[in-house]
Amino acid sequence: MRFLTRIILLIVAFSFTFYSGLYACDSSPVITIGAPMDLGNGSYTVDIQVCVGDAGSLTGWTTDFPGATNITAFTPPDLVNGGNTANGSLTGGNLTYNYPGGTATNLFVDAFTNTCLSYNVTVDADPTGQSITFDGVNCDVGDCPTSCSTIGGDVQASPVPIPPQTFTCGDVFSDGAGNYSNERY
């Protein structure tokens with residue numbers, strides 16, 4: 001019986017050691033949103049950095065401010081990752097960076113590279129406190145069979161932060177996080 005147990009344990013250990021399809025990964029993207037900057041004419045700019053997770057990105061992604069806020073302009077016009085270029089376009093207030101050559105074997109951002117790409121959008125209203133949705137940042141396993149599954153699905157949401165406030169000596173401010181009482185500094 002001990003001999004049989006040892007053989008089974010050896011087979012299991014051997015299987016895990018040489019099975020290349022067994023791995024763990026974090027396919028969730030890391031999305032960084034800068035505080036909006038007021039342009040003084042009713043529009044705001046927001047800096048965005050998208051670090052594509054381990055799942056890769058098949059054809060690029062769409063950036064959307066749900067609700068009444070629309071993207072009116074963006075830079076750069078294209079996102080370049082190695083030799084792959086995703087062309088930017090606006091449709092209905094949404095920005096899409098599209099890599100038309102995307103296939104399961106030719107991703108815009110390859111799986112397991114964790115590439116970061118930055119861009120800037122101009123919107124027609126104050127986006128403070130809204131969530132921006134990003135559709136297509138990571139592949140689902142059905143689209144990219146060599147990738148990990150995407151945590152939370154293929155659509156990600158990130159909130160727009162509140163801009164930092166400037167105070168002068170004697171101003172009263174409120175700590176929204178509740179760490180400090182309202183005091184004069």
Side-chain angles (χ1 to χ4, degrees), residues 25-164:
C25 59
D26 178 10
S27 61
S28 301
V30 175
I31 299 171
T32 306
I33 313 252
M37 293 180 53
D38 187 348
L39 297 178
N41 61 359
S43 60
Y44 294 77
T45 60
V46 179
D47 294 326
I48 300 171
Q49 182 184 55
V50 174
C51 296
V52 177
D54 283 339
S57 178
L58 184 64
T59 59
W61 56 86
T62 298
T63 303
D64 177 29
F65 287 78
T69 303
N70 294 301
I71 299 171
T72 59
F74 63 94
T75 58
D78 302 315
L79 293 179
V80 179
N81 177 44
N84 300 338
T85 300
N87 309 107
S89 64
L90 286 175
T91 305
N94 300 331
L95 167 61
T96 299
Y97 278 110
N98 181 44
Y99 173 58
T103 66
T105 58
N106 182 29
L107 279 65
F108 170 56
V109 176
D110 289 331
F112 308 108
T113 60
N114 296 309
T115 300
C116 295
L117 300 162
S118 296
Y119 55 103
N120 173 285
V121 297
T122 302
V123 294
D124 61 1
D126 185 356
T128 301
Q130 296 182 30
S131 284
I132 306 174
T133 59
F134 299 86
D135 186 0
V137 173
N138 280 149
C139 293
D140 283 325
V141 172
D143 297 331
C144 307
T146 60
S147 71
C148 305
S149 61
T150 302
I151 296 171
D154 198 27
V155 178
Q156 309 293 321
S158 294
V160 176
I162 297 171

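As the structure is a prediction and not an experimental result, all values here were calculated from the model. Keep in mind that the numbers below use all heavy atoms, side chains included, and drop hydrogens, waters and symmetry copies. In what follows, residues are counted from 1 in the order of the sequence shown.
- Applying the side chain to side chain contact (heavy atoms under 4.5 Å, CB included) test to Pro76 and every residue at least two apart in sequence or in another chain returns Leu79, Tyr97, Tyr119.
- Contacts of Thr122 classified as side chain to side chain donor-acceptor pair (under 3.5 Å), with partners at least two apart in sequence or in another chain: none.
- Paired with Pro127 under the rule side chain to side chain contact (heavy atoms under 4.5 Å, CB included), one option of Ile132, Val46, Val121, Ile33 passes, and it is Val46.
- There is no side-chain donor-acceptor pair under 3.5 Å between Thr96 and Ser89.
- In this structure Asp124 satisfies the side chain to side chain donor-acceptor pair (under 3.5 Å) test together with Asn70, sequence neighbours excluded.
- In this structure, Thr63 and Phe74 have side chains that are not in contact, with every pair of non-hydrogen atoms separated by 4.5 Å or more.
- Listed by chain and number, the residues in a side chain to side chain donor-acceptor pair (under 3.5 Å) with Asn84 are Tyr99 (sequence neighbours excluded).
- A pairwise comparison of heavy atoms in Pro66 and Gln130 identifies O-OE1, 3.8 Å as the closest pair.
- Taking the side chain to side chain contact (heavy atoms under 4.5 Å, CB included) definition, one finds that Asp47 meets it with Asn120, sequence neighbours left out.
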Tell me, with the steps shown, if Asn41 and Ser43 meet side chain to side chain donor-acceptor pair (under 3.5 Å). CA-CA 6 Å; Asn41 61 359; Ser43 60; 2.4 Å; yes
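- Here Asp126 pairs with Thr128 under the side chain to side chain donor-acceptor pair (under 3.5 Å) rule; sequence neighbours left out.
- Checking Thr133, Leu95, Val50, Asp135 one by one against Trp61, the side chain to side chain contact (heavy atoms under 4.5 Å, CB included) holds for a single residue, Val50.
- For the pair Phe108 and Asn81, the tightest heavy-atom approach, listed with the atom from each and the gap, is O-ND2, 2.8 Å.
- Side-chain contact, Asn98 with Asn87: no donor N or O sits under 3.5 Å from an acceptor N or O.
- In this structure, CG in Leu90 is found 6.5 Å from CD1 in Ile71, a value given to the nearest 0.5 Å.
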